[in-house]
*Asks:* 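Just passing along the structure, written as structure tokens.
All heavy atoms count here, side chains included; hydrogens, waters and symmetry mates do not.
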Amino acid sequence: MITTLPWFSGFPLYLAPMAGVSDKIFRQLCKKYGADVLTTEFVSAEGIFRRNERTFEYLDFDDIERPIGVQLFGADAGHMAEAARRVIDWVRPDFIDLNFGCPVNKVVAKNGGSALLKDCPTLASVAEAVVCAVRPIPVTAKIRIGWDGDSINATRVADVLVDAGIAAITVHGRTRAQRYAGDADWDIIGQVAAGVPIPVIGNGDLCSAADVAKRSRETKIRGAMIGRAAMSAPWIFSQTKHYLATGEIVDSPDLCERWNLVLRHCRLAVRQWGAEEPALRSMRARLMAYSKSMPDAKRLREKFSRVSTLTEIETIAEENIVRETTGGPGAPWYRAIETKDQTRAVAVS
């Protein structure tokens, strides 16, 4: 029997599990902006067996993130089943998600991730073993449309997963060979959604609320998963919900709100690391992503590539807001920008 997932009473928006991105801090920021369902960064079954310290960090989440799933990868059915049991015992997620889509070489080389798209018997054995091991906790899976353009088999893989007892399937509309290049194939995603009796979540090239609405109209997907677009604009979730409900496009947050989000993210990272310099170094790539939603992004990227203190981030924020908002006619008004020590007024026209 396939366990149902209650959030499919509506059209849930998922935050994609992205390695090095979908940590607890970012998940909670996206939840604040309306993400319905969260999933951890993928976790190695072997790391769980070794009780690797980093693995335990990946499993950490707070109740405010629910519903949340833990995503596992591996190719040994017995090990995957035991790893899933341990995860359930340790952290009690709302579901387990199986990664059959990761294109990264070090994962594929161990027959994990998207490598299993070429080996349906092993994929089936892994899915069946995990479903049996954790029942009645639901198990979902994420796949790509195939290994390469000559072996697109997402509809067959989906049937295998349904037979194994998987409760929902996320389909990323690219092959493993494509990685993240080229266009996602929504025709294939649509075929999968129309061909199975369980919810299908569409993923790939969802860059705006209008994109999600278009794919929802054109296919039978029951939800959408947003990844890279959320890295630069986590408010995409609230915008999408509003658009789906009303047909109205909501403006993005103003510059001050976007900068306050960046500052909050940086402060939380420093608190987690316990030291500014390594925390801000780890944040540089994330800051690059945020810069895509900012004016003068090229200049910001140059500055972000060297930041190592919160004070530097606060100074860059203030300079950017003043430069972009005080050039017009009329006297400026003032908007609060949050700093680590105080709330500071910044001139805004």
*Asks:* Which class fits the ring pair H265 and Y290: parallel under 30°, tilted 30 to 60°, perpendicular over 60°?
*Replies:*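 Geometry flag for Y290 against H265: perpendicular rings.
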
*Asks:* Thinking salt bridges, do R174 and D205 make one under a 4.0 Å N-O criterion?
*Replies:*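 Yes, this pair counts.
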
*Asks:* Please check this pair: side chain of E318 against backbone of E314, looking for a donor-acceptor N/O pair closer than 3.5 Å.
*Replies:*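 Not confirmed, E318 side chain does not pair with E314 backbone.
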
*Asks:* Does the pair D211/K214 count as a salt bridge with the N-to-O cut at 4.0 Å?
*Replies:* no

*Asks:* Output yes when D148 and R176 qualify as a salt bridge under the 4.0 Å nitrogen-oxygen rule, no when they do not.
*Replies:* no

*Asks:* Salt bridge or not for R299 and E302, using N-O below 4.0 Å?
*Replies:* no

*Asks:* Is any NZ, NE, NH1 or NH2 atom of the basic residue among R281 and E277 found under 4.0 Å from an Asp or Glu carboxylate oxygen of the other?
*Replies:* yes

*Asks:* Does any donor atom in the side chain of S308 or E312 lie under 3.5 Å from an acceptor atom in the other side chain?
*Replies:* yes

*Asks:* So does D36 pair up with K241, basic N to acidic O under 4.0 Å?
*Replies:* yes

*Asks:* Inspect the surroundings of CZ in R156 and state if more than 12 heavy atoms from other residues, nucleotides or ligands are less than 6.0 Å away.
*Replies:* no

*Asks:* Could you tell me whether the side chains of N153 and K118 share a donor-acceptor contact shorter than 3.5 Å?
*Replies:* no

*Asks:* Quick one: are the ring centres of F42 and F73 less than 6.0 Å apart?
*Replies:*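 Yes, ring centres under 6.0 Å apart.
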
*Asks:* Would you call D63 and R66 a salt bridge, taking side-chain N to carboxylate O under 4.0 Å as the test?
*Replies:*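 Looking at D63 and R66, the cut-off is met.
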
*Asks:* Is there a side-chain contact between L261 and W235 (heavy atoms, below 4.5 Å)?
*Replies:* yes

*Asks:* If I take atom CZ from residue R27 and atom OG from residue S22, how far apart are they, to the nearest 0.5 angstrom?
*Replies:* 7.5 Å

*Asks:* Do the rings of F95 and W7 sit parallel, tilted or perpendicular, given the 30° and 60° boundaries?
*Replies:* tilted

*Asks:* Within 45° of the six-membered ring axis of F56 and under 6.0 Å from that ring's centre, is NZ or CZ of R50 located there?
*Replies:*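 Geometry flag: not set, cation outside 6.0 Å or 45°.
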
